[in-house]
Number of protein chains: 2
Amino acid sequence: MPRVPTTADAFNAVAEPRRRQILDLLAARERAVGDLAALLGVTQPLVSKHLRVLREVGLVEVRDDGRRRLYRLDGRPLKPIHDWVKGYEQTWSERFDQLDVVLAELSEQEQQDGSQDRQ
Amino acid sequence: MPRVPTTADAFNAVAEPRRRQILDLLAARERAVGDLAALLGVTQPLVSKHLRVLREVGLVEVRDDGRRRLYRLDGRPLKPIHDWVKGYEQTWSERFDQLDVVLAELSEQEQQDGSQDRQ
DNA sequence: CAATCATATGCCTATATGGGCATGCGTCAA
DNA sequence: TTGACGCATGCCCATATAGGCATATGATTG
């Protein structure tokens, strides 16, 4: 079985760095396809394809403006990612706590024996 | 150019649902490969392959225990995901605010004209 | 109407994935 | 020592990408 399609959900759509760049640009303001292509320094068809993926997972919406198409962000599909990863937030802050403990122990030892042979 | 490899970063490693399941299990406690396979209802080789991906992006660590190998979670590589998606958190809460505004306006209109022809 | 602009889509390639299956390798127990 | 166990890895397949290029479709302007 092949990999989960990029259009399966926001997790997969956002795994591609270029698509995150596009979202980051759209976070500031609504933009046309050509503008995005110029800002990213890539070809227009490529941007259109990425936007198609983002549209299929609901991360962007389109609006017609003459012969241009203006895309704007819809961040709601990102919420599941936020919710999932938030459950792990304590994981890396706990590590900080552990580091604090280690540092405290080191400092304590230094005060006790004043040893210098530490890197 | 093909898709970004799953081992490129946590974004891609975690895009696969089965790998998120594995992390969710490891979040509770350290586990052996066979236990994970049994809990997920999949074959052992498949779990080993997913664990390999997770190991390559630093999301799990291994420890030898006799003829078993115990895997445990390391959530630190998830932090970039958390940081990136957190920047969009206001995106969907803003939408709630907008919805509140709309609902308030509707409610206000109803009080003013008492109209019933609303869906 | 003709020419131009903005965008979407089609075709092409190389690539590596998730899963199935068989097997190799190290560890333990009898 | 021999067997069984636990795990990793190899090979196989179908699939769908990201990107390049050419072109079709639409809207605008002259």
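As the structure is a computational prediction, the values presented were derived from the model and not from experiment. Numbers restart at 1 for each chain; the letters A, B, ... are given by sequence-line order, proteins then strands.
If you find the closest nucleotide of DNA chain C to B:V4 and to A:Q44, the one lying nearer the 5' end belongs to A:Q44. Sequence order on DNA chain C of the closest nucleotides to A:V62 and B:D65 puts A:V62 first from the 5' end. Heavy-atom distances to DNA chain D give each of A:M1 and A:T7 a nearest nucleotide, and the one nearer the 5′ end belongs to A:M1.
Between A:E56 atom CD and C:dA8 atom P there is a gap of 13 Å when expressed in whole angstrom units. We find that CZ of B:R68 is positioned 9 Å from C1' of D:dG6, with the value rounded to whole Å. Atoms CG (B:D64) and P (C:dC25) sit 17 Å apart, rounded to a whole Å. Regarding A:R52, its CZ atom lies at a distance of 14 Å from the P atom of D:dA16, rounded to whole Å. Counting to the nearest Å, the P atom of D:dC7 and the CG atom of B:L51 are 10 Å from each other. If you take CZ of A:F11 and C1' of C:dT17, they are 19 Å apart, rounded to a whole angstrom. Atoms CZ (B:R63) and P (D:dC7) sit 13 Å apart, rounded to a whole Å. Across the protein-nucleic acid pair, B:L54 atom CG and D:dA8 atom P stand 12 Å apart, rounded to whole Å.
Heavy-atom minimum distance, B:A10 versus B:P77: CB-O, 3.3 Å. Shown here for B:W92 and A:L78, the closest heavy-atom pair between the two residues is CZ3-CB, 3.7 Å. In this structure, B:Y88 and A:A27 approach most closely via the heavy-atom pair CE2-CB, 3.9 Å.
Not one side-chain nitrogen or oxygen of A:R67 sits closer than 4.0 Å to the OP1 or OP2 atom of C:dT7. Contact annotation: A:R69 reaches the phosphate of C:dA8 (side-chain N/O to OP1 or OP2, under 4.0 Å). Remark: A:R3 is not in phosphate contact with D:dA14, judged by side-chain N or O atoms under 4.0 Å from OP1 or OP2. The shortest distance between the side-chain N/O atoms of A:Y71 and the OP1/OP2 oxygens of C:dA6 is not below 4.0 Å. When the side-chain nitrogen and oxygen atoms of B:H50 are compared with OP1 and OP2 of C:dT17, none of them lie within a distance under 4.0 Å.
The B:L46 side chain lies nearest to C:dG18 when the options are C:dT4, C:dG18, C:dT27. Here the side chain of A:K49 is nearest to one of D:dA8, D:dG19, C:dG19, namely D:dG19. Here the side chain of B:V33 is nearest to one of C:dT15, D:dC7, D:dG19, namely D:dC7.
The pair A:D83-A:K86 does not meet the salt-bridge criterion, since no charged nitrogen lies less than 4.0 angstrom from a carboxylate oxygen. Looking at A:R20 and A:E16, no side-chain N of the basic residue comes within less than 4.0 Å of a carboxylate O on the acidic one, giving no salt bridge.
B:S48 comes within 4.0 angstrom of a nucleotide base, judged by non-hydrogen atoms across all strands. Using a 4.0 Å heavy-atom criterion, one finds that A:R19 contacts the sugar-phosphate atoms exclusively.
Listed by chain and number, the residues in a side chain to side chain donor-acceptor pair (under 3.5 Å) with B:E30 are B:R63 (sequence neighbours excluded).
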